Structures are given as C-alpha cells and as structure tokens.
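Written out below as structure tokens is the structure these notes cover.
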Amino acid sequence: MLEIIRIAVLSDNYVWLVHEPRSQETMAVDPAVAEPVLAEAEKRGWKITQIWNTHWHPDHTGGNAAIKEATGCQITGPAAEKDRIPTLDRLVKGGDTVKLGEVVAEVIDVPAHTAGHIAFYIPSEKVAFVGDTLFAMGCGRLFEGTAEQMYDNMRKLEALPDDTKIYCAHEYTQSNGEYAMVAEPDNFALKERMAEVLTLRARGEPTVPTTIKLERATNPCMRAKSAAELAERRTAKDNF
Ligand code: ZN
Ligand code: FE
C-alpha cells in the first residue's frame, strides 16, 4: 500500500520518500538535504507531513530544518539523541510505535553505529528502515557502540520475516560485497549476488532495498557467529 521512492543524494546516501495514499501523508526517512526531497514530493503532488530520523549524523538529519520550515512537518527521532537533533518534535525509543496515516511502524533500538540509533519496522508492509545499522552485505561502523551491541542488532533484524524489505541509507553494496568475498570465499550465494551487483553498478543502478533472506545468506556481519567474529570482520572491512 505504501509508495516508497528512492532519492539519491550526496555521494552515496539514499533518502526514502514514503507516501500513504489513504491519508495522503508523506514522510521522508533520514533527509540528508532538503531541496531534492522537497522537489520530489512536489513533482508527485505530495505534501511532506513527517520526517523519521534513525540517528543524529548530519547525512541523515541535514535536511530536517529546511523541510520543516517549508512544510510544517513533524519530526520523529531517537529520544537518546535528542540533544544532537534539535529539530525533533517527537522522541521515541525501542517498543514505541509511530504512524504514517493508519500504517503503524514499530521502533527497534539498534545502538552501535551511534549510541541511540533506532530502526523503523512496518509489519503490515514487511518493510524496515534501518539507517546505518544494516547494509546490503555489511553493517554500520561502530562509532559509538560495541561489536556486542551490533551482534545483538543483527539478531533483532534477522528475526524479521524473510521477505522483509530492508531500506538502508547508503549505496555501499559493491564495496561491502568485495570485502564479504574475502571473509567468506566459499559462499556461493555471495558469489552469485556479487555478479548481479556488479552488473547493476556498472549500469549505475541501485542495489537496495535488500531483503532479510538475502542478508542472512550473504551478509558477513549478520552471519558472524559471535560478537568477536563480527568485531574482527568489521575491523578488517575498515582497513580493506
Ligand atoms: Zn551514520
Ligand atoms: Fe550515514
């Protein structure tokens, strides 16, 4: 029922513009910048009524103020990062729900990339907006948290249904996949996926959203058997 539009901004960010046709509400996830997001909404005749932020980093919140000024939208984000996102109107944490029209999203705490990072999961649509926590074939860097926390985050996300679509905030797939092939050289599903990814990227096409099923089969962070192994893989990727 939701219409979800990908807006590519900055060097490799994706802002997701989400329209709920019954209520005519429109929401932007992690608007790094304002102008292309406002332009896309206007082109479609949609009025942005909400912004949902997953974490405080400027490439996820940089457009908040200008979009709010232009539309009067309400901004929802992590309570634990309220001091770093002064534009927030509504503060949420794991277990809370947020609505777009009548469509309900569950907030999941996924600290590690930042200390208060959250994800939004919409069970009725089998869709999750995960910010910089889970990427195609990778996970976010551990800036404000531990490998143990990221390991727990992977358990929370892999528990979602197989066909859940995962909307992450960056096009990091090819570089993640290149490292994943080194971490798991015998993973056939990974080789197959990488071949598809290389074809898509050679044509300049996006590789996300991904799915939980695909990540379970090919993601070296999700597939790490312990927090220690995840730590080792994340560090190896940082230096890859
Ligand atoms: Zn980030
Ligand atoms: Fe980011």
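Throughout, numbering of the chain's residues begins at 1 and tracks the sequence. All of these numbers come straight from a predicted model, not from anything done at the bench. Read the numbers this way: they start at 1 and go in the same order the structure lists the ligands and their atoms.
Between the Fe ion (ligand 2) and Asp30 there is no N/O/S contact shorter than 2.8 Å. Residue contact annotation: His170 places an N/O/S atom under 2.8 Å from the Fe ion (ligand 2). Not a single N, O or S atom of His55, from either the backbone or the side chain, sits less than 2.8 Å from the Fe ion (ligand 2).
A single hydrophobic cluster is not seen to contain both Trp52 and Ile85; linkage of ILVMFWY side chains at heavy-atom distances under 4.5 Å, directly or through other members, places them apart. Two different hydrophobic clusters hold Tyr179 and Met137 under the rule that ILVMFWY side chains link at heavy-atom gaps under 4.5 Å.
For Asp59, the N, O or S atom with the smallest separation from the Fe ion (ligand 2) is OD2. Take the N/O/S atoms of Asp132: the one nearest the Fe ion (ligand 2) is OD2.
Under the 30°/60° scheme for interplanar angles, the aromatic rings of His170 and Tyr172 are found to lie parallel.
The minimum heavy-atom distance linking Ala34 with Ala66 is given by the pair CB-CB, 3.5 Å.
Between Asp238 and Arg234 a salt bridge is recorded (basic side-chain N to carboxylate O distance below 4.0 Å).
Side chain to side chain, Glu171 and Thr207 meet the donor-acceptor criterion of an N or O pair below 3.5 Å.
Not one N or O on the side chain of Asn187 forms a donor-acceptor pair closer than 3.5 Å with the backbone of Met181.
Listing protein N, O or S atoms at distances below 2.8 Å from the Zn ion (ligand 1), with waters left out, gives His55 NE2, His57 ND1, His113 NE2, Asp132 OD2.
Applying the side-chain hydrogen bond (donor to acceptor under 3.5 Å, both in side chains) test between Gln50 and each of Arg90, Lys99, Glu25, Gln74 identifies Glu25 as the sole match.
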